[in-house]
Amino acid sequence: MTTKLSVNINKIATLRNARGGDVPSVTQIAIDAQKFGAQGITIHPRPDERHITRKDVYDLKPLVTTEFNIEGNPYPDFIKMVLEVKPEQVTLVPDAEDAITSNAGWDCKTHLDKLTDIVSTFKNAGIRTSIFLDPNPEMVEWAAKTGTDRIELYTEAFAKEYPNDPEAAIKDYYETAVKATEFGLGINAGHDLSLENLKYFSDNIPNLLEVSIGHALISEALYMGLENTIQAYLKRLAKW
Ligand SMILES: CC(=O)[C@@H](O)[C@H](O)COP(=O)(O)O
Ligand SMILES: NCC(=O)COP(=O)(O)O
């Protein structure tokens with residue numbers, strides 16, 4: 001089983017918004033990223049529209065011919081928009097409106113009733129659900145109780161520790177992935193994954209279905225070009 005690469009294009013919108021026009025075009029990048037081999041497009045429309053706007057979400061829907069993954073904190077407006085757009089997947093992320101970026105996974109035990117209700121709403125609409133989760137094996141059981149299809153391993157801690165001690169960096173993620181498989185949950189991963197750390201991560205996490213990567217990938221594309229960068233990521237994920 002090869003892990004799918006979903007390219008997060010938030011940072012294209014960041015650059016576009018810097019001048020208020022349509023350069024670079026978020027929609028054209030989505031088309032081209034898929035042409036270059038991306039197996040999904042991920043966006044994270046935040047309430048302040050710092051990068052991806054609501055308009056982007058609707059504009060992108062007909063253009064994503066691979067898999068469309070919309071991430072966000074399930075505020076009522078977010079839920080309404082996702083139900084209207086109907087992406088292949090929605091990823092629930094518990095970040096505060098003013099957070100500089102996503103910075104934690106869900107406490108599924110504390111928020112069990114809320115998450116169960118939201119997961120059910122999306123699944124009844126035919127949208128696959130994924131819950132952003134810290135690498136904590138004990139949280140997997142609570143994630144499973146929500147009825148979610150998948151978890152997304154929040155990989156910032158791995159990315160930070162990997163250069164110093166790869167085995168220590170992967171340990172909790174491996175154990176969480178094993179537990180997720182035991183509970184029948186699909187496994188996604190994302191946040192701060194890069195060309196440097198991705199192969200080690202994907203080689204050591206069993207049953208990894210999808211990685212969503214944006215910040216590093218778009219930054220690396222400034223030097224290598226988008227097509228070369230996407231191809232380099234796909235090579236890291238290939239299981240020869
Ligand atoms: C959930 C996650 O870790 C990232 O997908 C997040 O979307 C990054 O958001 P920013 O691009 O706003 O940093
Ligand atoms: N879910 C993670 C994602 O979509 C991209 O995170 P990052 O690569 O921008 O840190």
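Computation of the quantities below employed the complete heavy-atom set of this structure, encompassing side-chain atoms and omitting hydrogens, waters and symmetry-equivalent molecules. Whatever order the structure lists ligands and atoms in, that order sets their numbers, starting from 1.
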Asker: We want to know whether E210 and Q89 form a side-chain donor-acceptor pair, criterion being a heavy-atom distance below 3.5 angstrom.
Answerer: yes
Asker: Numbering the atoms of ligand 1 from 1, which are under 4.0 Å from a heavy atom of H44?
Answerer: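 Heavy-atom distances to H44 below 4.0 Å select 1 (C), 6 (C), 7 (O).
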Asker: Any chance you could measure H44, atom NE2, to D95, atom CG, to the nearest 0.5 Å?
Answerer: 4.0 Å
Asker: If the criterion is any heavy atom closer than 4.0 Å to an atom of ligand 2, which residues make the list?
Answerer: N8, T42, E71, E152, G190, H191, D192, S212, I213, G214, H215
Asker: Distance under 4.0 Å to a non-hydrogen atom of E71: what atoms of ligand 1 satisfy this?
Answerer: 1 (C), 2 (C), 4 (C), 5 (O), 6 (C), 7 (O)
Asker: Looking only at protein heavy atoms, which one is nearest to atom 8 (C) of ligand 1, and what is the separation?
Answerer: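 Atom 8 (C) of ligand 1 sits closest to the protein heavy atom T101 OG1, 3.5 Å.
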Asker: Any heavy atom of R50 closer to ligand 1 than 4.0 angstrom?
Answerer: no
Asker: Testing the basics here: between A232 and M224, what is the closest heavy-atom pair and its distance to 0.1 Å?
Answerer: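 For A232 and M224, the tightest heavy-atom pair comes out as CB-CE, 4.0 Å.
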Asker: Give me the one residue out of I187, N188, V211 that meets side chain to side chain contact (heavy atoms under 4.5 Å, CB included) with T3.
Answerer: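 Single side chain to side chain contact (heavy atoms under 4.5 Å, CB included) partner of T3 among I187, N188, V211: V211.
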Asker: What do we get for Y154 next to ligand 1 when only non-hydrogen atoms under 4.0 Å count, side chain, backbone, both or neither?
Answerer: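 Contact part for Y154 vs ligand 1: neither.
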Asker: Once you restrict to heavy atoms under 4.0 Å, what part of T42 touches ligand 1? Side chain, backbone, both or neither.
Answerer: neither
Asker: Using heavy-atom distances only, which candidate in R46, H191, E152, K11 approaches atom 9 (O) of ligand 1 most closely?
Answerer: R46
Asker: If you measure from CZ on F183 to CD1 on I151, what distance do you get to the nearest 0.5 Å?
Answerer: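 Answer rounded to 0.5 Å: 11.0 Å.
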Asker: Angle class for the F132/Y154 ring planes (parallel below 30°, perpendicular above 60°, tilted otherwise)?
Answerer: tilted
Asker: Determine the sole option in L185, T129, I127 for which the side chain to side chain contact (heavy atoms under 4.5 Å, CB included) test with D149 is passed.
Answerer: T129
Asker: Determine, for D32 against K35, whether the closest basic-nitrogen to carboxylate-oxygen distance falls under 4.0 angstrom.
Answerer: yes
Asker: Could you walk me through whether T101 and R46 pass side-chain contact (heavy atoms from CB on, under 4.5 Å), step by step?
Answerer: CA-CA 10 Å; T101 187; R46 295 182 181 276; 4.0 Å; yes
Asker: Just heavy atoms, cut-off under 4.0 Å: does H51 contact ligand 1 by side chain, backbone, both, or neither?
Answerer: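 For H51, the contact with ligand 1 is made by the side chain alone.
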Asker: When you compare the side chain of V57 with that of M81, does any pair of heavy atoms fall below 4.5 Å?
Answerer: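 Yes, at least one pair of side-chain atoms sits under 4.5 Å.
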Asker: Within ligand 1, which atoms have a heavy atom of N8 less than 4.0 Å away?
Answerer: 5 (O), 7 (O)
